[in-house]
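Take a look at the structure below.
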Amino acid sequence: MAFTLTLKPEVEQRLKELAESERRSMHKTVEVAIQAYLDRHERDEWTRNAARRVFAEDAEFFEALGDR
């Protein structure tokens, strides 16, 4: 998929500097950043779901902790 990305000049400059320092294109740098964001979001969602399961399965235990 192709699309246009409009950045603030200062963000574009920082992106350009980062891309140059990592010896890759700005396009690839943005692609890597988006993938990292998506991966982090997926891990965060997995963690939230796991926590919900633990709290649901051990509700009595956590309730007892609250009574102390």
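Predicted model only: the values in this text are computed from it and were never measured.
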For this session: If you link ILVMFWY side chains whenever their heavy atoms are less than 4.5 Å apart, which other residues fall into the same cluster as W46? By chain and number, please.
Result: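 W46 shares its hydrophobic cluster with no other residue.
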For this session: Side-chain contact test, heavy atoms from C-beta onward, threshold under 4.5 Å: evaluate it for V30 versus V32 and give yes or no.
Result: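 Sidechains of V32 and V30: no contact.
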Exercise. Got a second to check how far L7's CG is from Q13's CD, nearest 0.5 Å?
Worked result: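 Result: 11.5 Å between the selected atoms.
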Problem set entry | In one Ile/Leu/Val/Met/Phe/Trp/Tyr side-chain cluster, 4.5 Å: L15, L5 |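 Same hydrophobic cluster.
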Please report, to 0.1 Å, the donor-acceptor pairs under 3.5 Å made by any side chain of residues 49-60, with sequence neighbours excluded.
| unit_1 | atom_1 | unit_2 | atom_2 | d |
| --- | --- | --- | --- | --- |
| N49 | OD1 | R52 | NH1 | 2.7 |
| N49 | ND2 | E45 | O | 3.4 |

Exercise. So which pairs with a foot in residues 34-43 pass side chain to side chain donor-acceptor pair (under 3.5 Å), sequence neighbours left out?
Worked result: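 Side chain to side chain donor-acceptor pair (under 3.5 Å) check on residues 34-43 returns Q35-D39.
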Exercise. Quick one: salt bridge (Lys or Arg N to Asp or Glu O under 4.0 Å) pairs with a partner in residues 10-23, sequence neighbours left out?
Worked result: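 Found E22-R24.
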